[in-house]
Amino acid sequence: MNELLEYFNELNDQDYFQKRIKVYGWKKSYNYHLISNLTPYLFEPLTIKNHIAKPTNENRPGRVEEKHYITIHDTGDTLVGHGSKYWADAVYNEELKDTKQKYACSYQYVVGNEGIYHMIPDNEIAWHAGDSTQVSYHMYDTGISEDKEPTIDISKDGYYMIGGEKSSILAPTDNDGNILTKDDINDGSIRLEIIDHKYHIGETYYNATYKKICNRGGNNNSIGIEISMAKGENIFLNLARCAKLVVKLLKDNNLHMEDIKQHHFFSGKNCPQTLRANELWDVFLSLIDVEAIVDSYIQDGYQLELECSSEYVEKNGSLTKLPGSVRGIEYIIKTKYKDVEESALFVKLI
């Protein structure tokens, strides 16, 4: 068994994932039985449908900025039919199709069962993170050595502390000028980088709407992705497709796993709410990790194919529904590497 098949064998040995969750929407939420794909890797090519907004759109400012992050949102829209095409059209037309309401927001991508749509060029800014576009990305030298633990706090006189040591960087106050505490920091914390053996801290601000200290760089310096939560869609498929897209964006922009952030990181908003409330963020990151590992094999020259005759499994490995009782689903993964073809039979206990 070659290395790639050995890796899929390890994946097959992991427990099958399913969970009863609540999918959150601003109008209505619904209960949903989330079921994973046959394997954490999605057996379909990354297909992106270009639907680039016109340069004259008000929600496409056109300003080019270096990208330091990928920002994950969910649409918060559970209405049937309000999937990726609906929200791609909203950005493209600057209007909500059913209500004709003006739509001022924008984001680079939206992912759903209908596919992945691309509306704003990756290198341009977009309005999705709630942190404005007026402050440029910058990292400030804290004067604290890298040998300190990367824990963030705020001193009684309002300065950031790292590993218990007071830095030279003032933390934001609230709108009344009150000094805040670490409990007021968003739960994604503050951006830290080690440069020349010293901690540097990113641009921060106080978001009065959500009452959290947050990070700049969402609108200007991140690529925004919305994940569809429309009722009737396969939500796990949307997560898996988004994971595949994220791997490409990480490579294209020389970014790393730690650069993948929730919308909450930039504004304090509870977004992506369905992932946050149902403890699915780590599940999503694990899908990205698997996609990245398999992609590295593909880049090395491996070809792979899934074969499964089960009525419950689509060609890409997503499950249409669960079998009526616990049982094993047989599937074959075929590989080709340097003209050597090899395959392996697996059984997944569902």
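Side chains are part of it too, since the values below use all heavy atoms of this structure and drop only hydrogens, waters and symmetry mates. Just so you know, residue 1 is the first one in the sequence shown, and it goes up from there. Everything quoted here is computed from the prediction, not taken from an experiment.
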Looking at [Y], is its backbone amide N or carbonyl O close enough to the side chain of [X] to form a donor-acceptor pair, meaning the two atoms are under 3.5 Å apart?
X      : Y      : result
Thr274 : Val23  : no
Asp77  : Leu79  : yes
Asp131 : Gly217 : yes

Strictly by modelled atom types, are [X] and [Y] linked by a side-chain donor-acceptor pair under 3.5 Å?
X      : Y      : answer
Arg63  : Asn220 : yes
Thr204 : Tyr160 : yes
His200 : Glu193 : no
Asn186 : Tyr210 : no
Asp122 : His118 : yes

Just so I know, are the side chains of Lys182 and Met161 near enough to count as touching, which here means a heavy-atom distance under 4.5 Å?
no
Non-hydrogen side-chain atoms of Ile154 and Thr181 separated by less than 4.5 Å
no
Tell me whether the count of non-hydrogen atoms from other residues, nucleotides or ligands lying under 6.0 Å of [atom1] in [X] goes above 12.
X      : atom1 : result
Lys102 : NZ    : yes
Lys269 : NZ    : no
Lys315 : NZ    : no

Note: with side-chain heavy atoms under 4.5 Å as the link, the other cluster members for Val91 come out as Trp26, Tyr86, Trp87, Leu96, Tyr103, Tyr107, Val110, Tyr117, Met119, Ile120
Could I get the full list of ring pair (Phe, Tyr, Trp, His ring centres under 6.0 Å) partners for Tyr92, not counting sequence neighbours?
His51
